Q: 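Right, I'll just put the structure down here and ask away after.
Small disclaimer: the values here were computed from a predicted structure and weren't measured. We count residues from 1, following the sequence as given.
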Amino acid sequence: MQTVTQWIGGKPVESASGRHGAVCDSATGAQEKQVGFASVDGVDPAVATRSRLGRTGPTAASTSAFPATPEPFFRL
């Protein structure tokens, strides 16, 4: 089964916790993939990378659960 990896600093990182969760198709309920859960030791590098990148990192635009309203393609 395909495992969805975590991404830290723009690179895939395999879960070291040994724990996984199901990723299911919402229409059928069938499991399609699994996602590796982070361990306590795996969170520290992610937090350190994010702190180092500050607001200029790849997710600077998505720092909240609600994305900013996109600018229109054109104005009338």
Q: Go through the structure and list residues passing side-chain contact (heavy atoms from CB on, under 4.5 Å) with Val13, not counting sequence neighbours.
A: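 side-chain contact (heavy atoms from CB on, under 4.5 Å) list for Val13, sorted by chain: Ile8.
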
Q: Taking only residues two or more places apart in sequence or in another chain, which ones pass side-chain hydrogen bond (donor to acceptor under 3.5 Å, both in side chains) with Thr5?
A: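 By the side-chain hydrogen bond (donor to acceptor under 3.5 Å, both in side chains) rule, Thr5 matches no residue at all.
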
Q: Just to verify, what does Ser26 make a side-chain contact (heavy atoms from CB on, under 4.5 Å) with, not counting sequence neighbours?
A: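 Checked Ser26 against side-chain contact (heavy atoms from CB on, under 4.5 Å); zero matches.
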
Q: Enumerate the residue pairs fulfilling side-chain hydrogen bond (donor to acceptor under 3.5 Å, both in side chains) with a member in residues 34-46, sequence neighbours excluded, ordered by first and then second residue.
A: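 Listed by first then second residue: Thr3-Gln34.
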
Q: Please tabulate, for side-chain N and O atoms in residues 15-22, each donor-acceptor pair with protein atoms closer than 3.5 Å (sequence neighbours left out).
A:
residue: Ser15; atom: OG; partner: Ser17; partner atom: N; Å: 3.3
residue: Ser15; atom: OG; partner: Ser17; partner atom: OG; Å: 3.1
residue: Ser15; atom: OG; partner: Phe37; partner atom: O; Å: 2.5
residue: Ser17; atom: OG; partner: Arg19; partner atom: N; Å: 3.1
residue: Ser17; atom: OG; partner: Phe37; partner atom: O; Å: 2.7

Q: Can you list, by chain and residue number, the hydrophobic cluster partners of Val47 when the side-chain cut-off is 4.5 Å?
A: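 When side chains under 4.5 Å apart are linked, the cluster holding Val47 also contains Val43.
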
